[in-house]
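Order of the sequence lines fixes the chain letters, A, B, ..., with proteins taken first and strands second; residue numbering starts at 1 for each chain.
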2 protein chains.
Amino acid sequence: MTAALPDNHVPSPFRTREQRSAERAEKREAVLRAAVRMFNARGFHATSLDDVAASLGISKPTIYHYLGNKEQVLIECVTRGLELLSVAAEEVRAAPGDGLTRLRAFLHRYARLMMDDYCRCVVRTGDESLSPEGAALFRARKRGIDQSLRALIADGVADGSIAPVDVRMAAFMLAGALNWPGRWHDPAGPMSPEAIADALVDLLIRGLAPRA
Amino acid sequence: MTAALPDNHVPSPFRTREQRSAERAEKREAVLRAAVRMFNARGFHATSLDDVAASLGISKPTIYHYLGNKEQVLIECVTRGLELLSVAAEEVRAAPGDGLTRLRAFLHRYARLMMDDYCRCVVRTGDESLSPEGAALFRARKRGIDQSLRALIADGVADGSIAPVDVRMAAFMLAGALNWPGRWHDPAGPMSPEAIADALVDLLIRGLAPRA
DNA sequence: TCTAAATATTACTCACCAGTAACTTGCATC
DNA sequence: GATGCAAGTTACTGGTGAGTAATATTTAGA
């Protein structure tokens, strides 16, 4: 965290412009982090910004100094989560391999991400918490990820590495199964996100029927 | 709806005691039905009892005439949903057949139920909406259903009709995949609950990998 | 040293909503 | 027909929480 300092440098209590701007960004980040944790634990409506502020040892107007209003706090949180998922989707789509290999890679990353605070917030946030404009944006970004997922499935069906399934329905099924950990996973629990992702992806690809 | 009437009977505007009691039950039911729809559409916290009352053309105190408080409204709704799921679980557990056959039957009924208002409410309601006592009861009943699901999977693994999977993880995966329609399914959409259930169960049993 | 911006606070306003009190009307039974 | 219960109403209370105004304090920089 600390940058390399010149010889015999006594750390100055005075900050440069960049340091101040970085500090501001860090504080903003801390607010979002505290907020997303509370939203996930207690729900958006049941969490007051006073609570969030108190958990950081500050007062509510300080939050308004960094973020416009309560909805913007939520939007920033879900946007961060959506960004993580989108990046995963893009990277996998650009990778080589047949449909099933790439789908498996995506599912694995998706499952692990679902145990991240911001991604959990994406799954736990319903449209009803947002204003019409916010909800429209939210839906659009989710649709983008869903379409990446469908494209991967369609590729696999086309190249024969995936069984000839209904693409839309398969995408719903996979999303449901992989979103669920966002609701029940306990970070303090015994299973690591990695192990959970392994097990889930394997079950989804192979199914429950015994292999002949 | 109307009972068989004696010859030449002119319907009386006066109700018997049973009729009045049935009417009361019917009105109570209508309140729950209107409430669960709104809870599903807008979320519990975002729905006021004034809104629910207005949608029925009555006033809020009337709701309190039939139900104790807002939480009790929610509890009645989720209890109805849990009851439907429990009954399905019990019937399937009592039925004959190998593990896979019975599991498939349960999954199918579960998937269809998930498109019922009360069952959707079960999935969409988080513990945070309830008081500690309410949440404990809610969790206990959900655990019961989960254990039925696990028992069915374990039976199938034992008799060889299901691949040797991790039972806990498989139960999580199945629940996630089947709960999801409760969030996205649009009753006005083109696919019937029956068709959705068929497709999902098939995907879950067979997996995405091509059959050899 | 003086000023302006950034950071934070206390102390409010305003709206919404759960829940209640007190009252009205109508039906049913004695 | 008097009495009492059931079903509703209007009009309130009280609490909570989003968002704001006014203000204090620190720090950067001229």
Side-chain angles (χ1 to χ4, degrees), chain A residues 11-32 34-35 38-39 41-77 125 128-131 134, chain B residues 11-32 34-35 38-39 41-77 125 128-134:
Chain A
S12 161
F14 301 92
R15 280 156 288 277
T16 66
R17 190 179 286 109
E18 300 87 52
Q19 281 173 324
R20 287 186 65 77
S21 137
E23 211 171 73
R24 181 181 175 89
E26 193 186 333
K27 288 178 184 174
R28 205 181 127 101
E29 205 66 34
V31 170
L32 290 173
M38 283 207 174
F39 291 164
R42 302 153 43 167
F44 176 70
H45 281 290
T47 302
S48 78
L49 289 189
D50 277 311
D51 293 339
V52 175
S55 83
L56 290 164
I58 59 177
S59 62
K60 182 172 55 173
T62 302
I63 292 183
Y64 281 88
H65 185 69
Y66 291 97
L67 294 150
N69 56 33
K70 198 187 177 189
E71 185 181 10
Q72 202 195 322
V73 175
L74 179 60
I75 287 182
E76 283 258 0
C77 289
T125 298
E128 72 274 5
S129 303
L130 289 87
S131 65
Chain B
S12 161
F14 301 92
R15 279 156 287 277
T16 66
R17 190 180 285 110
E18 301 87 52
Q19 281 174 325
R20 286 185 69 77
S21 140
E23 213 170 70
R24 181 181 175 92
E26 192 186 334
K27 288 178 185 174
R28 206 181 126 102
E29 205 66 35
V31 171
L32 290 173
M38 281 206 175
F39 291 163
R42 299 152 48 165
F44 177 70
H45 281 291
T47 302
S48 78
L49 290 189
D50 276 312
D51 293 339
V52 175
S55 83
L56 290 165
I58 59 176
S59 63
K60 182 172 54 172
T62 301
I63 292 183
Y64 282 88
H65 185 69
Y66 291 97
L67 293 150
N69 56 33
K70 196 186 179 189
E71 185 182 11
Q72 202 196 323
V73 175
L74 180 58
I75 287 183
E76 284 257 1
C77 289
T125 299
E128 72 273 4
S129 302
L130 289 90
S131 66
E133 311 83 57

Quickly work out the Ile63(B) CD1 to dA6(D) P distance and round it to whole Å.
20 Å
Less than 4.5 Å apart, side chain to side chain, heavy atoms only: is that true for Ile63(A) and Leu56(A)?
no
For Arg24(B) and dA7(D), is the shortest distance between a side-chain N/O and OP1 or OP2 below 4.0 Å?
yes
Counting just side-chain N and O atoms, does His65(B) come under 4.0 Å of either OP1 or OP2 of dG8(D)?
no
Point-to-point distance, once rounded to the nearest 0.5 Å, from CD of Glu26(B) to CD of Glu23(B):
7.0 Å
With a 4.5 Å heavy-atom cut-off, do Leu74(A) and Phe39(A) have their side chains touching?
yes
What's the CZ-P distance between Arg28(A) and dT7(C), to the nearest Å?
12 Å
Across all chains, not counting sequence neighbours, the side-chain contact (heavy atoms from CB on, under 4.5 Å) partners of Glu71(A) are Asn69(A), Ile75(A), Leu130(A), Ser131(A)
Can you see if the side chain of Tyr66(A) gets near the phosphate of dA6(C) - specifically, an N or O under 4.0 Å from OP1 or OP2?
no
Taking CD1 from Ile58(B) and C1' from dT10(D), how many angstroms apart are they, rounded to a whole number?
15 Å
Taking only side-chain nitrogens and oxygens of Ser59(A), does any of them come within less than 4.0 Å of OP1 or OP2 of dT9(C)?
yes
Protein-nucleotides 15-19 of chain D N/O pairs closer than 3.5 Å?
residue : atom : partner  : partner atom : Å
dA18(D) : OP1  : Thr47(A) : O            : 3.4
dA18(D) : OP1  : Lys70(A) : NZ           : 3.0
dA18(D) : OP2  : Leu49(A) : N            : 3.0
dA18(D) : N7   : Lys60(A) : NZ           : 2.8
dG19(D) : OP2  : Tyr64(A) : OH           : 2.8
dG19(D) : OP2  : Lys70(A) : N            : 2.9
dG19(D) : O5'  : Tyr64(A) : OH           : 3.4
dG19(D) : N7   : Lys60(A) : NZ           : 2.8
dG19(D) : O6   : Lys60(A) : NZ           : 3.1

Nearest to the Pro61(B) side chain among dT10(D), dA21(D), dT7(C), which nucleotide is it?
dT10(D)
Without swapping roles, check the side chain of Arg42(A) against the backbone of Thr47(A) for a donor-acceptor pair under 3.5 Å.
no
Quick check against the 3.5 Å criterion: does Lys60(B) have a side-chain atom that pairs as donor or acceptor with the backbone of Ser48(B)?
no
